[in-house]
A.B. asks: 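The following block contains the structure, expressed as structure tokens.
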Amino acid sequence: MATKETDNQQQRSSQELPVVLVNRLPSFRLPSKPPFEDDLLSHFHLLDPHDSPEPYDSFLSRHASSIRALITVGTTPVTAEFLNLLPCLGLVVGTSAGLDHIDLPACRSRGIAVTNASSAFSEDVADCAVGLLIDVLRRISSADRFVRGRMWPAKKEYPLGFKLRGKRVGIVGLGSIGSEVATRLSAFDCSIAYSSRKKKPSVPFPFYANVGDLASNSDVLILCCALTEETTHIVNKDVMIALGKQGVIINVGRGYLIDEKELVQCLLRGEIGGAGLDVFENEPNVPKELLGLDNVVLSPHRAVMTPESFEALLQLTVANLKAFFSNKPLLSVVSNE
Amino acid sequence: MESIGVLMVCPMNSYLEHELEKRFNLFRFWTVPEKSAFLATNKNSIRAVVGNSSAGADAELIEVLPKLEIVASFSVGLDKIDLAKCKEKGIRVTNTPDVLTDDVADLAIGLMLAVLRKLCESDRYVRSGKWKKGDYRLTTKFTGKKVGIIGLGRIGMAVAKRAEAFSCPISYYSRTEKPEIKYKYYPGVVELAANCDILVVACSLTEETLHIINREVIDALGPKGVLINVGRGPHVDEPELVSALVERRLGGAGLDVFEHEPEVPEELFGLDNVVLLPHVGSGTVETRQAMADLVIGNLEAHFLNRPLLTPVV
């Protein structure tokens with residue numbers, strides 16, 4: 001740990017290795033598998049205020065002039081006020097797929113670059129989205145419960161599911177995750193369309209500026225976009241009605257992308273056909289009405305959680321920091337669109 | 001054609017029953033209390049048998065139906081039909097290929113994702129309220145895993161095409177190597193199992209492929225390996241599979257079929273590394289309708305002396 005070093009060692013390290021602040025809520029930690037801290041310590045001088053006996057504010061102000069880069073752990077917020085304490089900051093390295101906990105406009109106005117981690121996670125999140133979709137359409141989790149509940153010998157037949165091939169899939173947000181979803185579902189002969197802040201000229205899929213229009217022309221909606229003010233409750237009652245009674249919603253973005261109360265009502269009333277949800281408005285709380293439904297598959301916000309994605313995250317984190325400190329282009333910088 | 005007797009051996013699809021009743025004299029074998037007596041009485045009017053993956057036309061049944069001309073199976077698998085006997089007696093046989101290929105392949109991929117990413121387990125975790133007490137653990141990445149396919153027919157190829165979209169390297173075992181196929185061929189199942197992470201059974205059930213998944217193959221697949229069976233239960237030595245899963249000598253399994261359906265080994269119910277499905281490979285509204293239409297189409301074609309739609313014999 002950085003703060004357990006002697007003053008001599010600290011002096012030597014800070015002369016040799018670039019300083020990186022570890023910004024974390026006290027209950028959060030950098031991943032231990034793989035051992036992030038050990039690996040980072042071989043490249044950087046890590047400062048962690050919560051590992052110091054010194055009061056947080058005093059620690060931070062004492063080191064402020066040497067802090068040009070920080071890693072924010074999980075969804076630890078990076079607010080404008082916090083940024084004001086770090087006048088020399090040039091880089092915020094995000095370690096989660098989403099960025100809604102980082103004040104991006106404040107970073108922009110200060111000229112602070114932000115890197116995200118979605119490319120480390122995008123394959124795993126896309127796999128989860130496709131898995132949830134097949135599960136909902138083909139009733140996999142529900143049928144597994146049926147078999148384990150010893151109902152097969154008595155009931156003989158299990159209710160039929162729905163075919164995936166040929167389904168019209170509407171992807172909300174065609175970033176790194178949305179693109180991976182599109183690649184996968186194309187192989188199942190689904191037709192792909194998307195909605196995004198702006199049309200992407202190099203993309204062959206039909207673009208809808210409005211999520212309601214996308215829903216009207218889709219059988220499945222897959223939410224892969226970032227949570228912002230504009231996208232909060234982007235899937236509302238109108239969108240769900242437009243998607244229709246056979247429609248399926250898959251959410252691997254953030255809970256607040258959907259009006260959760262409306263979603264529950266639409267599912268209970270049969271206004272939509274089913275849902276596969278990895279995220280919820282008030283995790284780990286899940287609306288109790290969903291717990292008894294067979295046309296819903298529930299996942300405890302695990303879409304990114306594989307050892308392989310953490311390995312990729314560590315490599316991406318180190319690569320972005322190294323690039324920054326050697327004035328090379330960052331690998332996963334968030335653009336200012 | 002209303003006088004033509006068609007014997008449906010077990011319940012399979014109410015739309016199919018309804019449509020067959022409109023056209024033929026349909027006998028529902030499973031509703032008959034005294035089967036031998038029934039067959040003795042009706043044997044001269046039964047000219048067609050409709051079977052599926054559970055029951056078909058074995059030698060015994062064929063012998064007892066002297067007027068049998070055609071067996072139409074509501075399945076693509078033919079393991080419940082004595083094909084040799086049918087050939088010998090000039091009895092036509094049809095099945096339902098192609099229409100169910102996508103659904104079975106989709107299910108195979110769905111099982112892979114469900115097993116590796118523990119989708120069913122984590123759904124249970126949420127429903128039981130455990131998420132409020134703590135996060136679920138890490139699961140295993142699917143993208144990039146090596147997929148080995150036994151049987152590269154229609155279904156095997158469809159599985160390969162889908163898995164490739166997840167950057168999975170594909171390898172296969174088949175009776176003969178297919179030189180035009182770019183996937184890596186292994187001349188034996190054990191070798192295939194030793195060189196893949198996920199092994200998929202997608203071949204037909206024959207005498208040669210009975211218990212093709214045995215102890216040796218399971219050992220080669222290993223404690224990190226996953227078996228996916230969308231073929232037939234008897235492809236797998238089930239007791240060996242169960243003990244390998246319970247003892248964690250095999251990493252996991254996604255099973256749509258079992259040796260003695262609808263019975264499933266009880267030891268599997270307590271495991272978190274398996275996904276168990278009640279033979280739903282072709283179980284979608286769209287596909288079952290298409291399969292039923294093929295059965296009806298084949299029977300109509302036969303009795304109108306037209307070419308069969310999907311003949312096997």
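Naming: A, B, ... by sequence-line order, numbering from 1 per chain. Only heavy atoms go into these numbers, but all of them, side chains included; no hydrogens, no water, no symmetry mates.
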A.B. asks: Please determine which of A/K163, A/R138, A/K167 meets the salt bridge (charged side-chain N to carboxylate O under 4.0 Å, His left out) test together with B/E286.
C.D. replies: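 Exactly one option meets the salt bridge (charged side-chain N to carboxylate O under 4.0 Å, His left out) with B/E286, and it is A/K167.
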A.B. asks: Can you tell which part of B/V285 gets under 4.5 Å to a heavy atom of chain A, answering side chain, backbone, both or neither?
C.D. replies: both
A.B. asks: Looking at A/Y158 and B/P278, what are the two nearest heavy atoms and their distance?
C.D. replies: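 Nearest pair, atom of A/Y158 first, then B/P278: CB-CG, 3.7 Å.
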A.B. asks: What part of B/S282 gets within 4.5 angstrom of chain A, counting heavy atoms only: side chain, backbone, both, or neither?
C.D. replies: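 It is the backbone, since no side chain atom gets that close.
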A.B. asks: Would a 4.5 Å heavy-atom cut-off, applied to side chains only, mark A/N285 and B/W131 as touching?
C.D. replies: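 Side-chain contact under 4.5 Å: no.
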A.B. asks: What do you reckon, is NZ of B/K161 surrounded by more than 12 foreign heavy atoms closer than 6.0 Å?
C.D. replies: yes
A.B. asks: Would you check if A/L160 and B/R288 make a side-chain contact, meaning some heavy-atom pair closer than 4.5 Å?
C.D. replies: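 Heavy-atom side-chain distance check passes, below 4.5 Å.
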A.B. asks: Which distance, rounded to the nearest 0.5 Å, do you find between the CZ of A/R184 and the CD of B/E164?
C.D. replies: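 CD of B/E164 is found 13.0 Å from CZ of A/R184.
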A.B. asks: Identify which part of A/V297 has an atom lying under 4.5 Å from any heavy atom of chain B, answering side chain, backbone, both or neither.
C.D. replies: both
A.B. asks: Just how far is it from atom CZ of A/R145 to atom CZ of B/R124, taken to the nearest 0.5 Å?
C.D. replies: 8.0 Å
A.B. asks: Under 4.5 Å, counting heavy-atom pairs only, tell me which of A/L290, A/V147, A/L291 racks up the most with chain B.
C.D. replies: A/V147
A.B. asks: What heavy-atom pair brings A/P153 and B/P262 nearest, and what distance separates the two atoms?
C.D. replies: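 Taking A/P153 first and B/P262 second, the nearest heavy atoms are CA-CG, 3.6 Å.
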A.B. asks: Using non-hydrogen atoms only, which part of A/F146 is less than 4.5 Å away from chain B: side chain, backbone, both, or neither?
C.D. replies: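 Just the side chain, heavy atoms under 4.5 Å.
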A.B. asks: Mind checking the CD-OG spacing from B/E121 to A/S299? Nearest 0.5 Å is all I need.
C.D. replies: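 The distance works out to 12.5 Å.
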A.B. asks: For A/I134, is it the side chain, the backbone, both, or neither that has a heavy atom closer than 4.5 Å to a heavy atom of chain B?
C.D. replies: side chain
A.B. asks: For the atom pair CG (B/L276) and CD1 (A/I140), what is the distance rounded to the nearest 0.5 Å?
C.D. replies: 12.0 Å
A.B. asks: Mind listing the closest non-hydrogen atom pair of A/P300 and B/Y125 along with its distance?
C.D. replies: CG-CD2, 4.2 Å
A.B. asks: Mind listing the closest non-hydrogen atom pair of A/D144 and B/C120 along with its distance?
C.D. replies: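 Shortest heavy-atom contact: OD2-CB, 4.0 Å.
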A.B. asks: Mind ranking B/L116, B/D256, B/L113 by heavy-atom pairs under 4.5 Å with chain A and telling me who comes out on top?
C.D. replies: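 Result: the option with the highest number of such pairs is B/L113.
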A.B. asks: Find the distance between CZ (A/R165) and OG1 (B/T284) and round it off to the nearest 0.5 Å.
C.D. replies: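 Spacing of CZ (A/R165) from OG1 (B/T284) equals 12.0 Å.
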A.B. asks: Looking only at heavy atoms, which two atoms of A/P284 and B/K132 are closest? And how far apart?
C.D. replies: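 Minimum heavy-atom contact is CG-CA, 3.8 Å.
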A.B. asks: Find the distance between OG (B/S122) and CE (A/M305) and round it off to the nearest 0.5 Å.
C.D. replies: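 Rounded to the nearest 0.5 Å, the OG-CE separation comes out at 12.0 Å.
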A.B. asks: Taking every non-hydrogen pair under 4.5 Å, which of A/A154, A/A303, A/G276, A/S309 racks up the most with chain B?
C.D. replies: A/A303
A.B. asks: Between B/D123 and A/V296, what is the shortest heavy-atom contact and its length?
C.D. replies: OD2-O, 4.0 Å
A.B. asks: Is there any residue in residues 135-144 of chain B with a non-hydrogen atom under 4.5 Å from a non-hydrogen atom of chain A, and which ones are they?
C.D. replies: B/D135, B/Y136, B/R137, B/L138, B/T139, B/T140, B/K141, B/F142, B/T143
A.B. asks: Heavy-atom cut-off 4.5 Å, strictly under: side chain, backbone, both or neither for B/D102 against chain A?
C.D. replies: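 The answer is the side chain of B/D102.
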A.B. asks: Where on A/V130 is there a heavy atom nearer than 4.5 Å to chain B: the side chain, the backbone, both, or neither?
C.D. replies: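 Both backbone and side chain.
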A.B. asks: Is a side-chain N or O of B/R117 found less than 3.5 angstrom from the main chain of A/D124, in a donor-acceptor match?
C.D. replies: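 Yes, because the side chain of B/R117 sits within donor-acceptor range (under 3.5 Å) of the backbone of A/D124.
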A.B. asks: So for A/D135, is it side chain, backbone, both, or neither that comes closer than 4.5 Å to the heavy atoms of chain B?
C.D. replies: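 The answer is the side chain of A/D135.
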A.B. asks: A quick test of your reading: do over 12 heavy atoms of other residues, nucleotides or ligands sit less than 6.0 Å from NZ of B/K35?
C.D. replies: yes
A.B. asks: So which part of B/L255 gets closer than 4.5 Å to some heavy atom of chain A, the side chain, the backbone, both or neither?
C.D. replies: neither
